[in-house]
There are 2 protein chains.
Amino acid sequence: MTRSAEISTRIVQAVLARQIEPGSRLGEQQLADLFDCSRTIVREALTNLAARGIVTVSARRGWFVAEPSRDDTREAFEARLVIETGLIRSTRSVDKAAVKRLRAHIDQQKNAIKSDDIALRSFLLGDFHVCLAECLGNGTLAEILRDLTARTTLAARRYQTLEDATRSHEEHTEVVEALAAGNIAAAERLVSGHLSTWQDKLHIPAEDSDAVDRLRRALKPMPVEARNLHTRPLGQTDQKRQRLRSRSGGAS
Amino acid sequence: MTRSAEISTRIVQAVLARQIEPGSRLGEQQLADLFDCSRTIVREALTNLAARGIVTVSARRGWFVAEPSRDDTREAFEARLVIETGLIRSTRSVDKAAVKRLRAHIDQQKNAIKSDDIALRSFLLGDFHVCLAECLGNGTLAEILRDLTARTTLAARRYQTLEDATRSHEEHTEVVEALAAGNIAAAERLVSGHLSTWQDKLHIPAEDSDAVDRLRRALKPMPVEARNLHTRPLGQTDQKRQRLRSRSGGAS
DNA sequence: TATACCAATCTTGTATACAAATAGACGACG
DNA sequence: CGTCGTCTATTTGTATACAAGATTGGTATA
């Protein structure tokens with residue numbers, strides 16, 4: 001179990017760090033090579049992630065990082081709101097050690113932001129909520145929250161939300177200070193606002209987005225090496241190809 | 001996946017129906033024979049259940065149905081309280097179809113109680129909470145709640161709580177009727193009370209129970225056929241053996 | 001008689017072999 | 001020139017073989 005746990009942990013971290021896009025293919029042999037083990041272990045890890053809703057499996061087609069639908073996204077945000085505010089609400093007080101740990105976490109966030117370590121920054125901003133749940137005395141909900149946070153992170157990537165790291169960090173600070181001051185009600189309000197504003201920033205297509213979305217994905221730029229393997233169609237100049245590529249939304 | 005999903009689903013159902021005790025051993029080959037498949041599939045199912053906290057794995061020793069510790073139990077109940085009350089609180093109104101479905105579920109509960117189908121009764125009383133979450137529009141939390149309910153069911157068995165089916169059924173009815181009447185606040189209060197009273201009924205040993213508990217489990221009656229396979233020790237009468245069996249807490 | 005050691009058996013952990021299905025490429029045909 | 005069909009190669013799904021560890025029962029010895 002320890003071997004496959006390593007793999008699943010790393011994948012979750014990569015998701016939280018925004019290093020893996022929703023819809024990415026996770027080939028079994030590919031991962032097996034990467035982690036120097038057999039497909040058996042990889043499948044164990046992927047099965048675990050599938051149970052946690054972070055990965056989906058399409059029969060005989062492969063494993064893919066989850067692409068939360070609109071409903072999935074709404075549910076994940078609602079779940080986080082319910083759990084995080086409910087956990088704070090049911091708290092009487094927060095002990096010294098917990099406050100210390102939370103402040104240390106916030107310091108780490110600040111450092112990651114300052115040093116422009118985008119991956120670490122994203123990871124920490126998400127992990128903070130898990131840490132908060134643990135400090136409030138419920139490891140079970142912390143685990144659940146980790147998976148839900150991974151899902152909302154994927155949703156944020158899918159719906160192209162820009163991360164406002166500085167603001168998130170500020171809001172996290174306010175929450176911790178409210179808790180440290182024993183102002184539970186304020187902390188609950190702050191968390192609620194923090195999550196709501198983030199959710200509101202999502203650009204979720206209004207209607208029947210799946211067709212549009214599928215199309216956008218189909219028009220995604222293919223890997224450079226694959227692109228160069230194809231003969232350029234007659235009469236199509238470099239300029240035209242360049243324009244097509246830009247339109248399809250690929251990184252230039 | 002469909003093959004292993006069958007197995008994990010059945011095991012969860014058996015847990016909710018109180019047909020499997022916490023700590024039960026789940027041998028791989030045993031399950032493979034039972035479901036007529038290879039150990040590969042069984043391991044896939046068990047891995048899934050382990051990710052959901054319903055089964056634990058002890059390296060090289062085997063798979064066991066979870067035995068929630070005191071902390072696990074507290075956390076699971078708190079999690080259910082937070083999620084169920086929070087979900088109701090964030091509800092504006094419940095539509096007709098949902099009310100109909102909930103009332104139908106309550107009818108099923110009544111029938112199971114009336115016909116003394118203890119397994120079905122237990123399952124439905126637990127499943128009601130999952131159904132409620134679904135009807136409140138959050139399938140994600142419903143899934144999470146299913147696993148948490150399984151854990152609290154295991155805790156209830158471990159800490160020898162008697163199920164008061166009639167009372168649970170009554171309280172479920174009150175919740176649904178409050179929701180149907182649009183009295184959200186009352187519904188939240190009722191759910192809170194329902195969960196709290198159930199949790200309060202647990203007989204959780206105060207201190208260092210693990211040693212005592214392990215012993216009690218060790219002294220549990222073995223299956224009748226195994227008992228009869230052993231030669232009766234010299235000088236031990238039937239009466240003495242009978243007394244030992246009663247003391248060990250087994251069903252007489 | 002009790003304890004400690006040892007061996008046999010059973011169970012799990014991992015890798016691999018093989019089957020099945022899908023995706024992609026190539027070629028034929030309208 | 002476009003479309004359809006087939007064939008090949010890659011990838012997943014499942015079973016099984018083999019190795020390593022753990023438990024259990026027996027035996028020998030103090």
Side-chain angles (χ1 to χ4, degrees), chain A residues 1-9 11 23-51 55-66 214 217-223 225-236, chain B residues 1-9 11 23-51 55-66 214-215 217-220 222-223 225-227 229-231 233-236:
Chain A
M1 203 67 179
T2 171
R3 201 105 187 74
S4 80
E6 160 86 9
I7 299 177
S8 50
T9 299
I11 291 178
S24 304
R25 181 191 179 78
L26 298 171
E28 295 183 5
Q29 191 58 54
Q30 182 185 353
L31 286 170
D33 293 341
L34 207 58
F35 287 92
D36 193 40
C37 62
S38 73
R39 281 175 51 221
T40 306
I41 309 295
V42 171
R43 284 180 68 90
E44 197 173 297
L46 291 172
T47 298
N48 178 296
L49 291 175
V55 150
T56 60
V57 55
S58 179
R60 293 259 178 209
R61 293 174 45 80
W63 305 79
F64 302 88
V65 175
R214 234 178 287 131
R217 249 176 297 134
L219 291 176
K220 250 192 201 158
M222 58 190 90
E225 63 275 15
R227 214 150 45 210
N228 291 337
L229 285 180
H230 283 76
T231 310
R232 180 180 315 159
L234 288 172
Q236 185 171 15
Chain B
M1 205 68 180
T2 172
R3 202 106 186 71
S4 79
E6 160 87 9
I7 299 177
S8 50
T9 299
I11 291 178
S24 303
R25 181 191 180 79
L26 298 172
E28 295 183 4
Q29 191 58 54
Q30 182 185 355
L31 286 170
D33 292 342
L34 207 57
F35 286 91
D36 192 40
C37 62
S38 73
R39 282 176 49 218
T40 304
I41 309 295
V42 170
R43 284 180 68 89
E44 197 173 298
L46 291 172
T47 298
N48 178 296
L49 292 175
V55 150
T56 60
V57 54
S58 179
R60 295 260 179 209
R61 294 173 44 81
W63 306 80
F64 303 87
V65 176
R214 234 178 287 132
L215 190 58
R217 250 176 296 134
L219 292 176
K220 252 193 199 156
M222 57 190 90
E225 64 275 15
R227 213 149 48 211
L229 285 178
H230 283 76
T231 310
L234 289 170
Q236 185 171 15

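Each chain gets a letter, A, B and so on, in the order the sequences are listed, and its residues count up from 1.
Under 4.0 angstrom from either OP1 or OP2 of dA15(C) there lies no side-chain N or O belonging to R43(B). Listed pair T40(A) / dT14(C) fails the phosphate criterion, with no side-chain N or O lying under 4.0 Å from OP1 or OP2.
If you take CE of M1(B) and C1' of dT12(D), they are 13 Å apart, rounded to a whole angstrom. Distance CD (E28(B)) to C1' (dT14(C)): 12 Å, rounded to an integer number of Å. Spacing between atom CZ of F64(B) and atom C1' of dT11(C) amounts to 10 Å, rounded to whole angstrom units. Rounded to whole Å, atom P of dA15(C) lies 12 Å from atom CG of D33(A). Rounded to whole Å, atom P of dT11(D) lies 16 Å from atom CH2 of W63(A). When the P atom of dT12(D) is taken as reference, atom CD of Q30(A) falls 9 Å away, rounded to whole Å. Atoms CG (D36(B)) and P (dT16(D)) sit 10 Å apart, rounded to a whole Å. Rounded to an integer number of Å, the gap from CG of L31(B) to P of dT11(C) is 12 Å.
Between F64(B) and G23(B), the closest heavy-atom pair is CD2-O, 3.6 Å. The two residues A51(B) and A51(A) have their closest heavy-atom pair at CB-CB, 4.0 Å.
Of the two residues near DNA chain C, A59(A) and Q29(B), the one whose nearest nucleotide lies more 5' is Q29(B).
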Do any side-chain atoms of residues 40-49 of chain B form donor-acceptor pairs under 3.5 angstrom with protein atoms, and if so which ones, sequence neighbours left out?
from   : atom 1 : to     : atom 2 : distance (Å)
R43(B) : NH1    : E28(B) : OE2    : 2.7
E44(B) : OE2    : S4(B)  : OG     : 3.1
T47(B) : OG1    : R43(B) : O      : 2.7
N48(B) : OD1    : R52(B) : NH1    : 3.1

What's touching nucleotides 18-20 of chain D from the protein side, N or O pairs under 3.5 Å?
from    : atom 1 : to     : atom 2 : distance (Å)
dA20(D) : N3     : R60(B) : NH1    : 3.3

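Considering CD of Q29(B) and OG of S38(B), their distance stands at 9.0 Å, rounded to 0.5 Å. In this structure, CZ on R25(B) lies 9.5 Å from OG on S58(B), to the nearest 0.5 angstrom.
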